[in-house]
Amino acid sequence: MKGSDATLLSFQLLDVSYEMRGSTPVIILWGRGADGSRVVVFYGEFRPYFYVLPDGSVGLDQLAAMIRRLSRPSSPILSVERVRRRFIGREVEALKVTTLVPASVREYREAVRRLGGVRDVLEADIPFALRFIIDFNLYPMRWYVAEVREVAVPHGYSVDRAYTLSGDIREDETRIQEDPLKGLRVMAFDIEVYSKMRTPDPKKDPVIMIGLQQAGGEIEILEAEDRSDKKVIAGFVERVKSIDPDVIVGYNQNRFDWPYLVERARVLGVKLAVGRRSVEPQPGLYGHYSVSGRLNVDLLDFAEELHEVKVKTLEEVADYLGVVKIGERVTLEWWQIGEYWDDPSKREILRKYLRDDVRSTMGLAEKFLPFGAELSQVSGLPLDQVMAASVGFRLEWRLIREAAKLGELVPNRVERSEGRYAGAIVLRPKPGVHEDIAVLDFASMYPNIMVKYNVGPDTLVRPGEEYGEEEVYTAPEVGHKFRKSPPGFFKKILERFLSWRRQIRSEMKKHPPDSPEYKLLDERQKAIKLLANASYGYMGWPHARWYCRECAEAVTAWGRSIIRTAIRKAGELGLEVIYGDTDSLFVKNDPEKVERLIRFVEEELGFDIKVDKVYRRVFFTEAKKRYVGLTVDGKIDVVGFEAVRGDWSELAKETQFKVAEIVLKTGSVDEAVDYVRNIIEKLRRGQVDMRKLVIWKTLTRPPSMYEARQPHVTAALLMERAGIKVEPGAKIGYVVTKGSGPLYTRAKPYFMASKEEVDVEYYVDKQVVPAALRILQYFGVTEKRLKGGGRQSTLLDFMRRGK
DNA sequence: TATAGGCATACGACTCAGTGCAT
DNA sequence: CTGCACTGAGTCGTATGCCT
């Protein structure tokens, strides 16, 4: 009988979860069939487990018996097996404890820890659904062929077909090159909530509009009748069900839209059953909201990695990426929504605004999702969690998978308070303008050091271990030693990443750069690079499971030694080094000598180095990590200076950029001075838009938790007093107003201040002039010359200022 | 539910010497 | 002459955000 009606199902794995049937957990694989059907595959045989590492004081069998005695009927301990594994590279014998109810693992962990003879309990904190895809080696977004039996779609599930897994499941190798997003239904949405100058409260403020769009379809808008929004929310639930999206995208919906809708629906007595199972969205891992059977992707998580955009509103991000230009859309501030709703003549503008937001959201999805899908199938985290997770966790989930494959037990996360260690070298720049400079860059220096010297927690020679000098690599300065063989955990993984990436990059060459194939492969190689580059920082992260301070310390020590050697060689070649930071060197662009240096680094040091860019001119002050360059194609690169910082006013940044551009392109300091003087004049005449005077700073903690008084904290307190919630992580925009007290007493949220209140002289003295002077000072320009009334400073100026 | 360290910069808080003024 | 408030220079700590 068994297997008689089994069939092969080809499906793409989208998400994984589990449900309890009685006291038995059943894994749910959410997927899409090759025929376009939406499917679930159930698997009821998988059981939660964890490992017990003995300390040797009690016999293993005796310990096993002690553990068995902890069994409780609500979730019996099903088995305790002796297993051979490795832990940080060393062979260990451990006990694998299997139980029934996933939620009981946590309690068993505590109970087992209290037993004598236990060194540690491991892998008890891996979520059950993830545990399943790790053990079965399944990666989200990839295609699989599974031996299944069709079953009736259970009540409450909205899928086309349901199956149970009855045999093998393996990756469909023929679809590896396929676009994982092709054929997936994507839906964008955005909500507008009634509010007037204060944070809306779901207990009373209605959701007045919801906009949504299926990819390729029309934007739809659901509207409340006056202040009654029950039908809007119910209508939204219906539309989601009928569109039946695989992916739901929004902007900041994990922190705003979903919590608000969930709470509002509760108040109104509407069931927010937008998932493929009749449950409402639930807070999940990494502050993300989980919509059952669908991938809920918050595009703000992607935007967080766009460091060029400082204030990450949907408008700004969409503008930056060219999705929807700010000049071609309706822009409203959140506090105007109520006003535009109440005024019938303005309501159409509000509709247009919402349409523009939905359009922007869908546009961002097109830009971001391809990378998200690749990162998902490289890291092994479902698409809706992978971008919500931090860099460290993305890598860690992939490490956990590799550990499972290698029979390595996963270390626990432990609290540590470790001191700092030495990092990279930054050279003191040679101040001034330099002509024709080549920037040499080491390719993935830290990952390559880890591979070359077999760096990792498992290869690190610990106190008491003895190896001959020939058997180990010894890090310079710090002296940490690493066994040359066998290849360690990190080396194996990084080598796989590096060769995988090499292979993808050679595959890319077969396709034209604007082809979909090329783009897909490019996103994939970027995802791999991201994880590889995170590995050094990960080892130095005290929260990391594979934390290894000595390893991180050794990597930077090798890095310092390598770049020092390269600098010495440059000197020997007569190649002038202008500047360098970590893994880069700025040298005179003497192609022959540069070529010899590159060959030396490759052949003698065994590292890849290449000319990353050439500057026609580059300018340094005395400061490290700051320079301005003019590239061969006429582009101005500003690095480190105020012009690229988010916590300076737009006016100061713009002025500094212009100054840099004039100086580098024309070499005329006088012209730059004139430019600045003109800006100051305009500012004093009130001809500068107030938006260019707003200063943005991140609130890193609740306002009351600050030790030092600061303008943006003052502004945040004023917002709170007005009923506007401010949370850590929020960017506070303020302007400085006139008055006599310290700066922090004169800051106001920009939307609470009038143009007349603004202290123009603050912006002259503390924004425009310092920003301009940062560059012009080097050429002998003084503050007086920038601020003075006439062409040159007059005697009158001199006397007025005294001194 | 924080990848790392190195660095520049602004501003508040504080110390301390010098100064002016009332007593 | 003493005592005290005030001022400016200098130093240190806090805070933010950049670079690689």
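Here A:Tyr579 and A:Phe620 bring their ring centres to under 6.0 angstrom of each other. The aromatic ring centroids of A:Tyr627 and A:Phe641 lie 6.0 Å or more from each other.
Across all their heavy atoms, A:Gly380 and A:Arg401 have their closest contact at O-NH2, 3.2 Å.
Looking at heavy-atom distances under 4.0 Å, A:Ala534 makes contact with a base. Across all strands, A:Tyr446 comes closer than 4.0 Å to no nucleic acid atom at all (heavy-atom distances). Residue A:Phe620 is classed as having no contact, given no heavy-atom separation below 4.0 Å to the nucleic acid. Using a 4.0 Å heavy-atom cutoff across all strands shown, A:Pro542 reaches sugar-phosphate atoms only and no base atom. A:Ala422 comes within contact range of the sugar-phosphate backbone alone, with a heavy-atom separation under 4.0 Å but no base atom that close.
Each of A:Arg545, A:Arg131, A:Arg413 was checked for a salt bridge (charged side-chain N to carboxylate O under 4.0 Å, His left out) with A:Asp125, and the lone residue meeting it is A:Arg545.
Among the nucleotides B:dC11, B:dA2, B:dA4, the one closest to the side chain of A:His543 is B:dA2. Among the nucleotides C:dA15, B:dA10, B:dG12, the one closest to any side-chain atom of A:Glu707 is C:dA15.
Under 3.5 Å, the side chains of A:Asp120 and A:Asn412 contain a donor-acceptor pair of N or O atoms. In the model, A:Gln282 has no side-chain atom that pairs as donor or acceptor with a side-chain atom of A:Ser290 under 3.5 Å.
Of the side-chain N and O atoms in A:Arg774, one or more sit less than 4.0 angstrom from OP1 or OP2 of B:dA10. Between A:Arg394 and the phosphate of B:dT1, there is no side-chain N or O to OP1/OP2 separation shorter than 4.0 Å.
Summarising the geometry, the separation between CH2 on A:Trp546 and P on B:dA4 is reported as 17 Å, rounded to the nearest angstrom.
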Protein-nucleic acid N or O pairs under 3.5 Å, nucleotides 16-20 of chain C:
unit_1 : atom_1 : unit_2   : atom_2 : d
C:dT16 : OP1    : A:Thr698 : O      : 3.3
C:dT16 : OP1    : A:Thr700 : OG1    : 3.4
C:dT16 : OP1    : A:Tyr706 : OH     : 2.6
C:dT16 : OP1    : A:His712 : NE2    : 3.0
C:dT16 : OP2    : A:Thr700 : OG1    : 2.5
C:dT16 : O2     : A:Arg645 : NH2    : 3.3
C:dG17 : OP1    : A:Thr698 : N      : 3.0
C:dG17 : OP1    : A:Thr698 : OG1    : 2.8
C:dG17 : OP2    : A:Thr698 : OG1    : 3.0
C:dG17 : O4'    : A:Arg645 : NH2    : 2.8
C:dG17 : N3     : A:Arg645 : NH1    : 3.4
C:dC18 : OP1    : A:Lys310 : NZ     : 2.9
C:dC18 : OP1    : A:Gly646 : N      : 2.8
C:dC19 : OP1    : A:Gly640 : N      : 2.9
C:dC19 : O2     : A:Lys625 : NZ     : 3.0
C:dT20 : OP1    : A:Tyr627 : OH     : 2.9
C:dT20 : O3'    : A:Asp581 : O      : 3.2
C:dT20 : O3'    : A:Asp583 : OD1    : 2.0

